[in-house]
Structures are given as C-alpha cells and as structure tokens.
Asks: 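Okay, handing you the structure first.
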Amino acid sequence: MMWLLAQEQAPVPTLGIFSAGSVIDFAIVLGLGVIIWVMVARARTGRKIPEIKKIAGLEAVDEAIGRATEMGRPVVFIPGILSVDNPQTLAAFGMVSHIARQCARYDTRFLALNCDPLPYAVIEEITRQAYLEEGRPDAFNPDDIRFLSAEQFAFTGAVIGIFERERPAANIMIGAFYAEAMMLAETGSFQGMIQIGGTAMTAQLPFFVAACDYSLIGEEIYAASAYLSKEPVMYGTVVAQDWLKIVLALIIVVGAVLATVSPDSTVLRDILGGY
Amino acid sequence: MHITSDPGIWCQAICTLAVYTYLYKDNPIFRIAENVFLGLATTYWFVYSFFNYIKPAIVEWIGTNGQYHYVLAIILGLLIFFRYVPSLSWIARYPMSFWVGYGTGYTLAFTPAVWLNQITASFVALNSLQNILIFVGILCTLVYFFFTLAKENPVVGGIAEVGKWYIMIALGSAFGNTVLYRWNLFLGRANMLITQWLGYTG
Amino acid sequence: MERLMKIDRRLLYLISVALVAVTIFMPLGLPVKVSPLAVQTYDAIQNLPDNSVVLIAPMYDPGAAGELNPMLKAMLYQCMERGYKIILGNTNWTLGVAIAHDMITPIAAEFNYVYGTDYIEFGSKPGGSVWMQSAQTDLAGAAIVDFNNDPIGQFPLIQAVPRLTQEYIAAVLVLDCGTPGAVEWLQIITQGTSIKLIVGEIQMSVPDSMTYVQSGQYNGMIAGSRGGAEYEQLVGRPGAALKSQDTMSVIALMVALFIVLGNIGYVTRKR
Amino acid sequence: MRKEGPMILTVISSLVVVFSTYFFLGQKWNLMEPLNNWFQISYAIALALGFVNLTVIHVKYIQRKREGWFYSIVLLLCMYAYLVLGMIQTQNGLQFDWIYVNAMSPLSATMFSLVAFFITSAAYRAFRIRTKEATILLVCALFVMLGRAPIGDAIWGNWSAFVSKWVMGTLNVAGMRGINLGIAVGGFATALRIMLGLERAHIGGSGTQ
C-alpha cells in the first residue's frame, strides 16, 4: 500500500466521509442512478413506460439507408474524431449496430470512417457482429471499416477524397466533431448526399443544422441508441433523463422565485454545495 | 520590404504555400505536404507520450520509486495489440474497458461541479426584462429536450417551439462568431507570410 | 440564375483573398466601441490587490495565435504596469509557452522585471487536468524545471507560491482555444475559491463561454479578436487586434452577402 | 472472461474514479493519482496502435501499387525518419524541435486555416434556409456577424451593443445553457448506462443489452 501514500495535506471531510464540497455532486450521481434503476426495473417487469416522441433526425436514418439502397450507393458513417473515453463517441457506438444491421439486411454497402484507432477497433467489431446477427457474415467486408489518420485534417482530407471517389448516397455523422464538421457537411451537401449530423459540440452544431438535411441537437444523440433499439429497458433510461431535467427545472424555478422575493437568501445555493 | 534569410521561416513559408495550392485544386504538391504532415504528426505524438509517460513510468516510477503496480498498467496497454490475433482478439477488450470506465467515471465525478454552477447562475431575480428572458429561455429549452412529453399538446408544443427558437438563436450566435474566427486563422498565416517571410512592416 | 449558382468556388476564394489583401494594405480605420464586458475584464485585472501573484496560461498553438497573441501581449502590459508577479506556463500546449516566451522577454526588460523574482516561466508540462491537480498540491514538484530546464525550486517566486491555491495566487489568466483550457482551470483550480479566472477566448468559443461569464464562473472574458481590440484600447496599447478589425468588417459583409445571394438562388430555383 | 471480465473492469475503474473523488478515504489515501497515471501510460502505449495501423495500411498500398502509392512512401519515410531522430534526441532535441516548430506546426495551422475558405464557399453553396429552424439560425448568424465587426456600428450606432447585450448576453445565454444542461444530463445518463452494463457496445455487445 506504499503507493497510496501520496497526498500530504488532506482537506477536511464533510459528514465524516465525503471530500469537501462533494456531497451534493454525489447525491446527483446517486439520484440519477436510482431513477434509472427504477425505470429499468419497471421496464423489466413489463410495466408501462411513457412513449418517446418522434425524433426526426433518427427517423430519417432508415430513410437515408433506403435512399442509398435504391441508388445502389454506399452509406457512410463517421463517429466523430475523439476516442472511447468521450461520451459522444460512446453514443455513436450505440447507432452503429442499428445502421450496420439495416445495411446488411438491404445489402447496401456500409462504410465507417475513423480518426482514432480505438473507436475504429470497436466499430469493426460491432459491424462484424451486426452482419452475423443478420445472417450475412459473408457480406461483411473489413476493408470498408477504415482507419484513415489520427490527425484531424489529414483525416478530413481523406474523407473528402472518399466522398469524391465512392460517391456515397447517405452520410451519417454522429459524435464529437471539431472544425472538420463544416468541411465534411459542405462537401456532402454539394454532392447531393442525404446527410444526418449530430453532435454535442455547440460550436459545430450550427453547421450541421444549416448544411445537413437532418440534425440531432446535443442531448438527442445520447438518446439515439435507446431510441433506435426500441427496447423498453433502454427507453426507461431515456425517461430517467427526463426526470432529472424536471428536477433541474424545478430547482431553477424555486431558485429564481427565491432570488426575486429575497435577493439576499443563500439557502438554496448552500444546499447545492455553495456554488 | 526585406525577405528573410532565416531557414526556419523559409521552411514555414514553403509549408504554408504548399498547403494553399489546394485551393486551386488537389495536386501533387499538396498531397506531399499532407503526407509529410501526417507522418510527422503521427510520430510527434508518439515520441511525446513515450518520453512523458512510458519512459518516466519505467525509469522513475518503477525503477527508482519501486511502484511496481505500473508494470500492470504497461501490460494492460499492450493487450490492445491482441486485436491482431483473430482468435484472441477479445483480450483487447480489457484495456478498452479500462479506458471507457475511466472516461465514464470522469464524466460522473467531475462534471456536476461545473453544471451545478450553471444552475445556480440561473437563479436570476425576475425583475428585469433581460433576466425574465433568460429564465423563460432556459425552461423552454429544457422542455424542448424532453423526450416523453406529448408535443401534440398545444401548450407543451408551444413551449417547446419557443425553446427551439432560443436554441436556434444560440446556434446562430455560434455560427456568426465561428465565421469570423475562421478568417482570423487565415489572417494569422497571411501575417506570418507578409511580415516574417517577406519582411513587410508597413 | 442557374449560371450564378454554378459559380466556381475558386472565384469565391479569389474574391475573398483580394478583399482581405485590400484591407491589410489599405485600412479603413473604422472605430471599435468598447463593450461593458471588456471594461469588466479590464477592471477585474486592474483591481487585484497590489503585489498579487497571477498565473498566466497561454493554452494555445500557432493556429490560434492570430487572435490570442494580441490579448496576451496586452495582458502582460497591464499586469506589469500594475506590478503583479507573474507565473507563466501551461500544460499540454508546448508551442504556447514558446510564443509567450518570445513575447514576455522584451516586455519584462522594459519594466525591469527580474526573472525568478518578479516573473517565472515554468514551460509546458504534460498531463492536462491531471497535471493541474498535482500543481494544486505542490507547484514546484509538478513543474520540476523551468522553461530553460533549470531546477525551478531555487527561484524565490516559486518558493513563495508552494501551491496553486487562493492563499498564494490572486488570479488565473487563461488564453483559451480548446481542451485542456479554461474549463479545466475552472474545474480544478478556481471553482469555489477566491481566485479570479480571466479568460482570453477565441471568437468561436465566445457564445459558449458567455454562459460562464453570466454565471460568474469566469470573472472576465476577452471575447475574440473584437474583444482583443477593445481590451487593447483599454490598456492603452492599440495593436494587432485593433488592426484586424477592418478585415473582420469586410469578411462579415462578404459572407453575409454570399449567404443572401446563395439563398436567393435556392429559393427561386425551388419555385 | 470474454464479456463479463471487461464489463467488470469497466465498472471497477469508473467506481474508483467516482469514489476517490467524492469520498474522503482517510488522510493518506489518494487513489486518483495512480489511476490517472495508469490511464496515461496505457493510453500512451495504445497510441502506438495508430502508428502500427498506419504502417500496415501504407505498406499494403505500396505493395499493391495502389493509386497514389508514392505518397505512402513519403508518409512512411517521414514517420520513421522522425521517429529515429526523436528516439535519439528525445522530444527536446534541437533538430526534432526545429522540425516541429518550422514544419509540423505551420502545416497544421495552415490546414486548419483552409476552413476559412470552406466556410466562404459553404456560405454560398450549402447554408440553405431548408427549414424554419435553419432560417432563424442564419438570420441570427448574419446579425451577430455584422454586430461583432465594427461595420455593424458603422451602419447603426448601437448594433454591437445590442448584439452583445440582447443576443449574446441574453437569448444566447439562455439557449446555450439549456443545450448544455441537456448535454450534461445526456452524457451523465450515457455514463450511467455504461456503468450499469446496459450499454456495452465497447466490449463487443451489439449496442444494447
């Protein structure tokens, strides 16, 4: 246990066991965990889970694949440029299996283009699995799942080259994007592809909204895998997201009313850990 | 005007101009520049992380300090190469799981502090038009993101619609700022060429 | 109309470069109004206690230098005019400290700042937010050597600042262009402390960072090249940012025109 | 061991981060620092995966004399020559650093600045008022763009003040905060879904359970 002897001066604990100022943070993690758990448990026992509204950008995924099938051209998927430790990349993984399955079913070519070696490895495995589950392992071509470059703009250049050579009919971009978002969306738009773009990078979102046919805004990408899976258990977790937002909205309302009535009151702020 | 004789600046200028040839069309000069860049970048980050993490781990942490558990960290990292062995490729899932777990934990542990503050910042006194607009906007935007509320309901639908307006205005602001920023990047390069390379000081 | 829509993109590029060139060589000199946010930022730095120690972190690379260099320069001038002690360095942006080194050296000479006593450069350390955590508990231990690879513990300024906590530093000034950046300094160093966080922000991230300004998590923000131009005027040293504003005007007009024209074509074609 | 093992490792590593951040584990316990180092070390090794991967791909291109194979030679030459230099000199070596400052970094900055041109042609060819939302967005963008540059004030004296107070400082703040709170909740829920084992795409599940 020698290697645990690192910190010399430690902060004073709160309530005996919590690091300073982290009680409320932990309560939130625990609270959301409990809500998700309850919703999942409800779904497992077959009880009713509220309907999820239609998300146009996700409904359009099947339409895009259908269009590509009709035209006999490939579908491209890009999972952003960050690695597996970013939640947006994890959200992208949730969509890959759905898209790959649809492509396997309709015998449409599926291209996944990667900028980080780790998502590349994961997506290759998900796609292989999807083709297997659709009974088309022969149709899976490992060369269509590509690692292009770990360098942002070298990657972008390579993708644009593929757009020009292979002429895909549909381009689905979900994940963490930076400046390349606009370059990719511009090229795709000019080539008349049907494009779906989604990211939680707020600086890049406007370009997806302006240049793509459908866009997924922020939180919508995190609901995507649950939405597409159509499984009650996963639906339950999306409902839990809504519950947390209701709690947040209520706190904001109470806080604003308090601030209006008694501007000097810090009660609520103190409860929320003094932020 | 006095053109520099510094070979470093010349190298920078040539690299810059080589990339800009792409604006005319894709051509061999650009593709050479692109591949030189890709090669250098790949190696640079590898060398950087080797001398900052791998070497210190072996020499100092394990060698000098005797923190032998870092041997396991190195082995864990190396397991990713099992993906090249088809029959054992599942072993590569172990390091992957560790990274995902770390990222997951990090998201859970470090983000609440930041957005809790965003919540308390929304406790605005409803006594000015500006504050009321902020307050209403935050709530409407949150409603827009509700996945289970029936948007067919005219009241809910109306609120979500207002939320959408707020979202589009925020994204429009982001758009407007980004356009100007992108051109600033070009100005940076142009400035390098004009002042440092060509020596124009007017 | 059809012909207008099929216009070669190279023509668009040519037009834009020509316009930029014209404004570089023949400035219009449009006045730049100073906004309340710039004043707030300037005051936040100006009103730190005398003899404060500030940490300046140039978290950028040459890509963002066009916008952030002028801000850094003006910040250095303001801090030295106020006589603050400066700790300069960052984590993960190796070129940022090289740019900053070339900038601080002549300014420090101008103000007779002594290296090691009045200012120090600890260079760029790998690790991002992980490094910040260690610097929070032991600055000298986390930095080890300075920009010139000399042991950093020997310098009086570092001995006076054993940790990056509110007892020792008054403000963190971050030039921000990505990750790790201002948000990491906020999360790890300044959140919940009395340390002021002032951010020089690239224009692109301004809308997002605005929410942190409104919440008071950022005590000030220099908002993009426009903010830089305003700040330069407040510090009384007009420079590159102010100069670039004419170009920004021309670009804004041009892009606006392209969007309008393109959409007129789009709408008429759709009919 | 194929699926359960990785799943358990995911849960344990995330729990360690969560607990060592939130809980006070006695005066001399600090799990975070060694764990951070674990992450950095293993990730640094995995960067070599990208290195190996590129080598394999481009050697293949050269062998097959695929179109543009000459560029693959350029790429591999740069990669390995720079690697040898770096391994001899370390990252602080004089020549190694010279190449970084005078070749790699201008190349990177210039590639990045190409975006300015893309955005200009996109303004003309791609940013369309396809939907009502896109229309609001583009109108607001024009307004902000002109307000952030001095030209706005030259047209109407209070343009920049109006934009910074009402658009950027009010409507934008509300909208951005709503988006960001949504993103925080969504990222949070995704993280929890992974920790609870509901989402396991990263370990070869088919996306969901």
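Below, read A as the first sequence line, B as the second, and so on, with proteins coming before strands; counting in each chain starts at 1. Remember, predicted model here, so these are calculated numbers, not experimental data.
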Asks: Between chain B and each of D:Ala46, D:Ser105, D:Pro106, D:Gly175, count heavy-atom pairs under 4.5 Å; write down the option with the most.
Replies: D:Pro106

Asks: Could you tell me which portion of B:Phe50 (side chain, backbone, both or neither) has an atom closer than 4.5 angstrom to a non-hydrogen atom of chain D?
Replies: side chain

Asks: Counting only heavy atoms closer than 4.5 Å, note whether B:Leu79 contacts chain D via side chain, backbone, both or neither.
Replies: neither

Asks: Can you say whether B:Trp61 sits under 4.5 Å from chain D via the side chain, the backbone, both, or neither, judging by heavy atoms?
Replies: side chain

Asks: Do D:Gln40 and B:Asn52 make a side-chain contact, defined as non-hydrogen atoms from C-beta onward lying under 4.5 Å apart?
Replies: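 The answer is no, as the side chains (C-beta and beyond) never meet within the 4.5 Å cut-off.
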
Asks: Have B:Arg189 and D:Ser113 got a donor and an acceptor in their side chains that come within less than 3.5 Å?
Replies: no

Asks: Considering only heavy atoms from C-beta outward, does the side chain of D:Phe51 approach that of B:Thr43 to under 4.5 Å?
Replies: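 Side-chain contact under 4.5 Å: yes.
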
Asks: Do the ring planes of D:Phe96 and B:Tyr44 sit parallel (below 30°), tilted (30 to 60°) or perpendicular (above 60°)?
Replies: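 Aromatic pair D:Phe96/B:Tyr44 classed parallel.
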
Asks: Examine whether an atom of B:Pro28 lies under 4.5 Å from a heavy atom of chain D, and if so say whether it belongs to the side chain, the backbone or both; otherwise answer neither.
Replies: both

Asks: Verify whether one side chain among B:Trp99 and D:Ser13 offers a donor that lies under 3.5 Å from an acceptor in the other.
Replies: no

Asks: Would you say the side chain of B:Trp183 lies within less than 4.5 Å of the side chain of D:Ile119, judging by non-hydrogen atoms?
Replies: yes

Asks: State whether a side-chain donor-acceptor pair under 3.5 Å links B:Tyr102 with D:Asn36.
Replies: yes

Asks: Which region of B:Ile138, side chain (C-beta onward) or backbone (N, CA, C, O), has a non-hydrogen atom less than 4.5 Å from a non-hydrogen atom of chain D, or is it both or neither?
Replies: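 Contact with chain D involves both backbone and side-chain atoms of B:Ile138.
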
Asks: Report yes if some heavy atom in the side chain of D:Leu49 is under 4.5 Å from a heavy atom in the side chain of B:Tyr84; otherwise report no.
Replies: yes

Asks: Counting the benzene-type ring for Trp, do B:Tyr106 and D:Phe39 have ring centres under 6.0 Å apart?
Replies: no

Asks: Side chain, backbone, both or neither: which part of B:Tyr144 has an atom under 4.5 Å from a heavy atom of chain D?
Replies: neither

Asks: If you measure only the distance, is there a donor-acceptor pair under 3.5 Å linking the side chains of B:Ser122 and D:Arg177?
Replies: yes

Asks: Any side-chain heavy atom of B:Tyr22 sitting closer than 4.5 Å to one from D:Met111?
Replies: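 They are not in side-chain contact.
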
